[in-house]
2 protein chains.
Amino acid sequence: MRLPKAERLLPCLTWMRGYAKATFASDLIAALIVTIMLIPQSLAYALLAGLPAETGLYASMLPLVAYALLGTSRTLSVGPVAVVSLMTAAAISEVASQTALQPVAVAILLALLSGVFLVLLGVLRGGFLANFLSHPVVAGFITASGIVIALSQVKHLLGIAAEGDNLPELLHTLAQSIGTVNLPTALLGGGALAFLFWARGGLQALLLKAGLQAPAVSLIGRTAPVLAVVVTTLLAWRLNLQDQGVALVGAIPSGLPVLQLPAFDTTLLGPLLLPALFISIIGYVESVSVGRTLAAKRREKIDPDQELIGLGAANIASAISGGFPVTGGFSRSVVNYDAGALTPAASLLTAVGIALVTLLFTPFLAWLPTATLAATIVVAVLGLVDFAILRQTWNYSRSDFTAVAATIVVTLLWGVEPGVAVGVGASLALHLYKTSRPHIAEVGEIPGTGHFRNIKRHTVETHPGILSLRVDARLYFINASYIEDELIHTLQDRPGLRHVILMCSGVNEIDISALEVLESINARLKEMAIGFHLSEVKGPVMDRLQKTAFLEHLNGSVFLSQQQAVRTLLEQQQPTATGQADSQDFRI
Amino acid sequence: MRLPKAERLLPCLTWMRGYAKATFASDLIAALIVTIMLIPQSLAYALLAGLPAETGLYASMLPLVAYALLGTSRTLSVGPVAVVSLMTAAAISEVASQTALQPVAVAILLALLSGVFLVLLGVLRGGFLANFLSHPVVAGFITASGIVIALSQVKHLLGIAAEGDNLPELLHTLAQSIGTVNLPTALLGGGALAFLFWARGGLQALLLKAGLQAPAVSLIGRTAPVLAVVVTTLLAWRLNLQDQGVALVGAIPSGLPVLQLPAFDTTLLGPLLLPALFISIIGYVESVSVGRTLAAKRREKIDPDQELIGLGAANIASAISGGFPVTGGFSRSVVNYDAGALTPAASLLTAVGIALVTLLFTPFLAWLPTATLAATIVVAVLGLVDFAILRQTWNYSRSDFTAVAATIVVTLLWGVEPGVAVGVGASLALHLYKTSRPHIAEVGEIPGTGHFRNIKRHTVETHPGILSLRVDARLYFINASYIEDELIHTLQDRPGLRHVILMCSGVNEIDISALEVLESINARLKEMAIGFHLSEVKGPVMDRLQKTAFLEHLNGSVFLSQQQAVRTLLEQQQPTATGQADSQDFRI
């Protein structure tokens, strides 16, 4: 069921038509809750990205509007998220050293480039590219990123200096400055951290005991960061903690951002392109996975290609309003969903809420200690850390495990971009390696059943003159010569052999390199006066073989089933089969 | 049948033991013929690589010895070949501009690095990496390289100046200098070219008519370049053509090369590494393909991993004797084979032959016009040009065609390294794209046969409550979400559905991402009160599934065959199946 064209181009039409009052009430409540949650979060992720606090607010207005109009998820909440902010920080420090740009300018250009790239990919319907990042690799990447992020916040919690976007750098610089801890900052940061952990654990248990419903408890837990912000800001103001060396957010320009298209110089493309690509792809994959999860709960669907356009537009919107790269975040979307958001109108209202905060509350936020923001980041990202994926993949398959472990190790040791690159590279390389050495089984009939199975696993019936082999693979250039070598090897030491049957039930395709190999095997068998037959060839494979001279050259026949092949060859009782392939009727 | 260890490490032991007089006679004759053929060829390929003529001779001595001792093909002839020489020329002009090195030094280092890389790859048993270059891509690459090479020789044939390693550059620079043609050079070059073409065509027809055997005729044809060399050298000497502006090979240092390990500075690794990798891989693939072809003719076998070591040693030998990158060549190996070479002793004798020539004949070769060498190159490489691969792949499969066409176009327009890179990249990308959207067929039983086939291709029996789907793919992260989307899509508009059976005959593997998708499909079907069953699961796949909780969660059973699945579910006559997977007996 495809949507009409207008609604495919502008997905908001699907929910704007017939928008009801009751829906509005529900969306408004969700927007209020999300706005409250987003204030500390947006400031914190700006801090994580190494940018002024106001950019976090800017990145939480227009992007929400753009996605609400163009995205296909009804409840996804777009804005600054932890992993993408970490990647932005890494890119900024890299790019700033190569160019004369200020961090804010780099962030804006990263958002712009990511946005343009995502929109282009969406127009070209390239959503499937996101599949290159497998779930285990993404899980490993997020776990490792969570550790790096948490560690990167220790400096704010203790009021010391530290740098780096990977474990060794962070540990090294933290160790160097650990002697300069600022006690008031450490107390404030430690207190906020302890409170936030308690709000996630002990408090929620208490509230549940007190008879509150689980969703309500969860929402109350989510407001804990706001409470921490209010309390520590008041403390900082009344006790004038700035004079004690406690770092504060400081003056935030009040008022809405000025909209302008950033100046772009093509010489910047070189240093910016790769970081922007990584940010877009990771952001997209994370967002689509959140969107899919939420859509499945309400039997809705998201369109991966249109999501590219929605997220791309959100990033462009972020760029022209002075923000930084954004994407659909897990925690913010879950809050939006749990708080009862029914349509993207909730996001539009949230954008209005953030705008009001930016207009009215920034003088108050100037007193906010950065240690509080760091505490909220640490608590949020430690929730992402989950090493279970290592155990799961280890139990299931060593190659899945290898890809995940490589991603985690590289992300921890060298940072986020090498981590993603190695994760994708390792997954693909392992896939290619595995398909390069496919499973080849000699099969025989389970007596009386017509089912042919691996002779090593089942008690089966075979015939000395007939060798039946099942190749479990798409035959293509990567494994063509392996298959040739294996088949030829299998033929040795079989003096009475008259027929070889290749059972093709697992052969999902034959490319032209593999076809050449089959021709060569056929020629060799012909010389040895051994018939070469195929069975259970799939329709699309047969269609293609029929376009070539292979079936004419074939020193044998193509059979509909393996059973038919064996029976026919046994009945023939001839030393070699020379039947022509009558393939028309044998497609399966 | 594996060889004893000593013979695996030193393959020459297999033929040296019991080496007979009769074999020696045969090898000696082959060596004589190959030596005569190699003199113009080795000089010509040095010219093509942009190197002094003697380097061609140097690259035709020690490398033959090294390969004879360590290689596994009995008749492969190793030395300078056209495509690798072109790649060397391209690398030299690239590297020389980045470093202060002379062309000869660059060539030596390229040979050294290629050699070390090949040996390392061989020790790591990485021969399968060569499979990344599919046959069609290699064919396309060689055709395009042949055109570039032929065009690059026009300047020598006409005595004008031209530069470049791709079509646009060559055409542009040729057009600029076409007004400065040197008439004597053009007459000499044109004459040599015409003679060589005639020797390949008309002459051979005449000789065949005169009653000579085809192999003899072919060998006589191969000696034509030597005749051209002798005649044009005498002409140049007697008519003093140098004074007419005809370019000659010039003074060649007489005597054997001094053996020395080249000085290597790690800062050179940057510019040299990539060209050396490309040269090794292309050289290896070409050589193995020639070796396989010849080995098949005599029912011999080559060992792809040991070949890496043999070719690597040949390149290291070339480097320490002042040569340039070498590999097993098609035309030289065919001559060796046709001339009756039985063992690598023929190559050892050829090396001695070339050494004698280097010691005795270099004063004569100084008068050799480069136009003659250019003519031999043009005739040799035009034999490599074959666009049939485009037609073949077009007829067979558009994606094979796309990879070949991309390789040809990029090689012609941008040169050999981008051509190879695009060929490999396009092949892999197309493979991944195709496996990302696998064929999924709804199947039914061909009445009374127990065979289940695509309902769109066959008249089959289906049951309204049961949907049987066959997925023709290895299920892995690249196609996991596509399969989920397709399956969910197929479920829509089937109100009476009670059971879904996934027929897994084509499912050669399930990775952990795909397993997650199956879990999610299972959960969704469970909610909808629809049973989810698997049939014909392959042994290795079942082994892995049994390590997980998937089979416990499965809202249905695993059946040995599709027929059994349908019969059992029809007999149950229950709204939903809740049987436990008794998988032990169902492995196939």
Side-chain angles (χ1 to χ4, degrees), chain A residues 1 128 131-137 296 304 392-393 395-397 399-400 427-428 431-432 434-439 441 449-451 453-454 457-458 472-474 476-482 492 505-509 511-513 515-516 520 524 536 538-540 544 547-548 560-561 587-588, chain B residues 1 128 131-137 296 304 392-393 395-397 399-400 427-428 431-439 441 449-451 453-454 457-458 472-474 476-482 492 505-506 508-509 511-513 515-516 520 524 536 538-540 544 547-548 560-561 587-588:
Chain A
M1 184 194 66
F128 72 93
N131 297 331
F132 279 65
L133 276 168
S134 71
H135 281 212
V137 163
Q392 280 169 30
T393 49
N395 288 338
Y396 188 67
S397 124
S399 75
D400 281 326
S427 304
L428 289 179
H431 159 67
L432 293 173
K434 279 194 288 181
T435 61
S436 79
R437 312 172 77 80
H439 180 240
T449 65
H451 301 314
R453 298 292 182 267
N454 192 341
R457 289 172 176 266
H458 295 265
D472 294 345
R474 183 171 179 277
Y476 76 122
F477 63 100
I478 298 276
N479 58 25
S481 50
Y482 173 84
Q492 289 171 349
S505 51
V507 176
N508 300 314
E509 191 172 335
D511 84 350
I512 201 163
S513 304
L515 182 68
E516 282 176 20
S520 136
R524 200 182 273 230
E536 317 218 349
K538 293 174 192 238
R544 199 153 272 176
K547 290 186 199 165
T548 70
L560 180 61
S561 76
R587 287 187 277 175
I588 68 172
Chain B
M1 185 192 68
F128 72 92
N131 297 331
F132 280 64
L133 276 168
S134 71
H135 282 213
V137 164
Q392 280 168 30
T393 49
N395 287 339
Y396 188 66
S397 122
S399 76
D400 281 327
S427 304
L428 289 179
H431 159 67
L432 293 173
Y433 180 72
K434 279 194 287 181
T435 61
S436 79
R437 313 172 77 80
H439 180 240
T449 65
H451 301 314
R453 300 292 181 267
N454 192 339
R457 289 172 176 265
H458 294 265
D472 294 346
R474 181 171 181 276
Y476 75 123
F477 62 101
I478 298 277
N479 58 25
S481 52
Y482 173 83
Q492 289 170 347
S505 51
N508 300 313
E509 191 171 337
D511 84 349
I512 200 163
S513 305
L515 181 68
E516 282 175 20
S520 137
R524 199 183 275 230
E536 318 218 347
K538 294 176 191 233
R544 199 152 274 175
K547 290 186 198 163
T548 70
L560 180 62
S561 75
R587 285 189 278 175
I588 68 171

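Labels below follow one simple rule: chain letters A, B, ... track the order of the sequence lines, proteins then strands, and each chain is numbered from 1. These values consider heavy atoms only, across backbone and side chains, with no hydrogens, waters or symmetry-generated copies.
- Within the model, atoms OG of B:Ser427 and CD1 of A:Ile478 stand 8.0 Å from one another, a figure rounded to the nearest 0.5 Å.
- Using a 4.5 Å cut-off between heavy atoms, B:Thr449 does not touch chain A at all.
- For B:Phe132, the parts lying near chain A are the backbone and the side chain together; criterion is any non-hydrogen pair under 4.5 Å.
- Closest approach of B:Phe477 to A:Asn131, counting heavy atoms only: CD1-O, 3.2 Å.
- Interface residue A:Asn395: only backbone heavy atoms are found under 4.5 Å from chain B.
- Proximity to chain B is limited to the side chain of A:Tyr476, based on heavy atoms less than 4.5 angstrom apart.
- Note: B:Lys434 leads B:Lys434, B:Arg437, B:Lys547 in heavy-atom pairs under 4.5 Å with chain A.
- Contacts of B:Leu428 with chain A are made by both backbone and side-chain atoms, with heavy-atom separations under 4.5 Å.
- When all heavy atoms are compared, the tightest approach of A:Tyr396 to B:Ile512 is CE2-N, 3.6 Å.
- Looking at B:Gln392, the atoms closer than 4.5 Å to chain A (heavy atoms on both sides) sit in the backbone and in the side chain alike.
- Contacts between A:Ser520 and chain B at a heavy-atom distance below 4.5 Å are absent for every atom of the residue.
- Per-residue heavy-atom pair counts under 4.5 Å with chain A were compared for B:His431, B:His135, B:His451, B:His439, and the maximum is reached by B:His431.
- Proximity to chain B (any heavy atom under 4.5 Å) is shown, for A:Thr393, by both the backbone and the side chain.
- Interface residue A:Ser397: backbone and side-chain heavy atoms are both found under 4.5 Å from chain B.
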